[in-house]
Amino acid sequence: MKSGIARNGDVQIAYEDFGKPGGRPLLLISGLDDQMISSWPDGLCEALAGAGFHAVRYDHRDAGLSTHFTGRKKAYELTDMIDDMTAVLDAMGWESANLAGLSMGGGLAQFAALLHPQRVRTLTAVSSIPMSDQKVLGTARYMRFFPGPFKLAFRRYGDSPEGRQRMTMDIIRLTEARSLPLDDDWVRQTAAEALRRHAPDRYSRSRQLAAGYAAKLPAGGIARITQPVLVISGDEDPLVKAPAAGRALAKAVPHGRFVLVHRMGHLPSAPLWPELVSEISQHAT
């Protein structure tokens with residue numbers, strides 16, 4: 001693994017790459033207010049590299065090791081986040097790449113395919129929903145708010161390092177499946193590393209959401225995406241209504257294919273990585 005910094009004006013975007021130059025370029029896009037180490041774990045990135053990809057993951061602005069902002073209100077546009085993405089492609093020397101986005105990352109990939117089609121070879125959306133201009137209603141239609149995020153609404157963690165780590169662990173565990181949960185050691189280690197990289201900011205999620213809600217799709221919406229689109233959903237996703245959301249996304253684009261992965265939550269656990277790697281590899285061929 002190698003690390004680097006891409007620059008979009010004054011904003012610095014931290015990235016890490018796995019695999020050898022010359023492999024199929026694959027850009028891994030993280031979820032809402034999530035760091036690259038939890039959306040795209042080391043082991044999954046290494047498996048993708050082993051399948052012939054030159055895989056790169058990165059931290060969004062307002063996440064992890066990238067530039068952070070302040071305030072409670074919108075501090076940037078969604079197009080700025082897309083420009084961060086293309087800055088990583090430029091830093092890697094890639095004219096174009098295969099994109100794979102988890103959750104919100106799948107939504108950003110849909111925008112990127114429309115705004116910069118020449119830079120997107122294929123698109124894989126994992127645990128994602130179809131993007132539309134009906135931001136609030138469109139999102140709520142496919143999301144599960146209970147018991148998922150609602151469980152944490154009334155918990156108090158405090159500002160101690162132990163409290164912050166416990167909160168981060170609970171947030172990661174919101175994504176796991178019932179029958180195939182995430183590895184406890186990985187959850188604990190990832191939460192600790194996330195805190196080492198950057199302490200939680202209670203408003204970073206609000207700033208990223210504000211950018212998304214203010215964004216407008218180009219005329220025609222995602223029906224004008226010309227690249228092949230693979231949509232992967234888990235049948236035990238506690239945050240997104242699957243398979244409805246995934247099937248709707250695959251149906252809304254001209255060249256969509258839907259795959260339902262059994263025992264998968266919002267974030268795929270390690271035993272499911274070979275299946276994901278196989279699907280992404282076939283799709284990018």
Side-chain angles (χ1 to χ4, degrees), residues 3-17 25-40 55-92 94 96-121 123-133 135-136 138-139 143 194 197-198 200-218 221-222 225 227 229 249:
S3 60
I5 296 292
R7 289 174 171 81
N8 177 16
D10 294 333
V11 175
Q12 297 187 1
I13 302 298
Y15 67 87
E16 297 171 349
D17 72 282
L26 176 65
L27 187 65
L28 304 170
I29 311 167
S30 302
L32 174 67
D33 191 27
D34 200 9
Q35 298 193 25
M36 56 179 161
I37 58 172
S38 48
S39 280
W40 298 99
V56 172
R57 64 185 183 184
Y58 71 98
D59 281 328
H60 295 300
R61 56 175 62 203
D62 252 344
L65 298 176
S66 293
T67 297
H68 285 252
F69 292 74
T70 59
R72 302 187 183 188
K73 298 181 180 180
K74 181 164 69 72
Y76 41 82
E77 305 293 337
L78 183 133
T79 50
D80 294 321
M81 299 183 74
I82 300 297
D83 289 343
D84 295 341
M85 187 187 307
T86 59
V88 177
L89 297 182
D90 292 340
M92 294 301 300
W94 293 345
S96 63
N98 303 285
L99 304 187
L102 173 75
S103 193
M104 181 194 75
L108 288 172
Q110 293 170 56
F111 271 92
L114 290 168
L115 297 174
H116 302 287
Q118 75 282 2
R119 308 212 66 173
V120 181
R121 299 184 184 184
L123 190 161
T124 298
V126 182
S127 303
S128 299
I129 67 175
M131 293 293 96
S132 74
D133 282 330
K135 296 296 188 304
V136 177
T139 300
M143 298 301 296
R197 290 180 170 215
H198 196 279
D201 176 351
R202 61 187 301 184
Y203 299 119
S204 59
R205 177 169 300 189
S206 298
R207 292 190 294 268
Q208 289 185 359
L209 280 172
Y213 284 137
K216 295 291 184 182
L217 284 167
I222 63 174
I225 292 177
Q227 298 89 342
V229 178
L249 174 51

Ile225 side chain reached by Leu114 side chain, heavy atoms, under 4.5 Å: yes
d(Arg61 CZ, Asp80 CG) to nearest 0.5 Å is 4.5 Å
Over all atoms of both residues, closest heavy-atom pair of Ser128 and Gly101: OG-O, 3.9 Å
Side chain to side chain contact (heavy atoms under 4.5 Å, CB included), that's the test. Do Leu99 and Met85 meet it? Break it down for me. CA-CA 10 Å; Leu99 304 187; Met85 187 187 307; 4.1 Å; yes
Rounding to 0.5 Å, atoms CG (Leu249) and CG (Leu123) come to a distance of 8.0 Å
Val11 side chain near Ser66 side chain, heavy-atom distance below 4.5 Å: no
Holding to side chain to side chain donor-acceptor pair (under 3.5 Å), I want the full list of residues that pass it with Gln12, two or more places apart in sequence or in another chain. none
Quick check for you: to the nearest 0.5 Å, what is the distance between Tyr15 atom OH and Asp59 atom CG? 13.0 Å
Is the side chain of Arg207 donor-acceptor paired with the backbone N or O of Gly71 at a distance under 3.5 Å, no angle test? yes
Pair Ser96-Arg121, side-chain donor/acceptor within less than 3.5 Å: yes
List in chain and number order the residues that pass salt bridge (charged side-chain N to carboxylate O under 4.0 Å, His left out) with Arg119, two or more places apart in sequence or in another chain; answer none if no residue qualifies. Asp90
Under a 3.5 Å cutoff, is there a donor and acceptor pairing between the side chains of Asp62 and Tyr76? yes
For Ala97, which residues count as a side-chain contact (heavy atoms from CB on, under 4.5 Å) partner, sequence neighbours excluded? Pro25, Leu89, Trp94
Restricting to non-hydrogen atoms, name the atom on Leu217 and the atom on Ser132 that form the minimum distance, rounded to 0.1 Å. CD1-CA, 3.5 Å
Is there a side chain to side chain contact (heavy atoms under 4.5 Å, CB included) between His60 and Leu108? Walk through the geometry before answering. CA-CA 11 Å; His60 295 300; Leu108 288 172; 3.3 Å; yes
Gln110 side, atom CD; Gln227 side, atom CD - distance, nearest 0.5 Å: 11.5 Å
Run through Ile29, Leu27, Asn8 and flag the one making a side-chain contact (heavy atoms from CB on, under 4.5 Å) with Val88. Leu27
Ile82 and Glu77: CA distance, side-chain angles, deciding distance, side chain to side chain contact (heavy atoms under 4.5 Å, CB included) verdict: CA-CA 9 Å; Ile82 300 297; Glu77 305 293 337; over 6 Å; no
To the nearest 0.5 Å, what is the distance between OG on Ser206 and CZ on Arg72? 9.0 Å
For Asp34, enumerate each residue passing the side chain to side chain donor-acceptor pair (under 3.5 Å) test, keeping only those at least two apart in sequence or located in another chain. Ser38, Ser39
Using the rule given for side chain to side chain contact (heavy atoms under 4.5 Å, CB included), can you reason through Met36 versus Leu28, listing the C-alpha separation, both sets of side-chain angles and the distance that settles it, and then say yes or no? CA-CA 8 Å; Met36 56 179 161; Leu28 304 170; over 6 Å; no
Partner set under side chain to side chain donor-acceptor pair (under 3.5 Å) for Ser103, not counting sequence neighbours: His266
By side-chain contact (heavy atoms from CB on, under 4.5 Å) - contacts of Arg205 (at least two apart): Leu32, Asp33, Ile171, Leu209
Could you measure the distance from the CD atom of Gln35 to the CZ atom of Arg197? Nearest 0.5 Å is fine. 6.0 Å
Are the side chains of Asp133 and Lys216 in contact, using a 4.5 Å heavy-atom criterion? yes
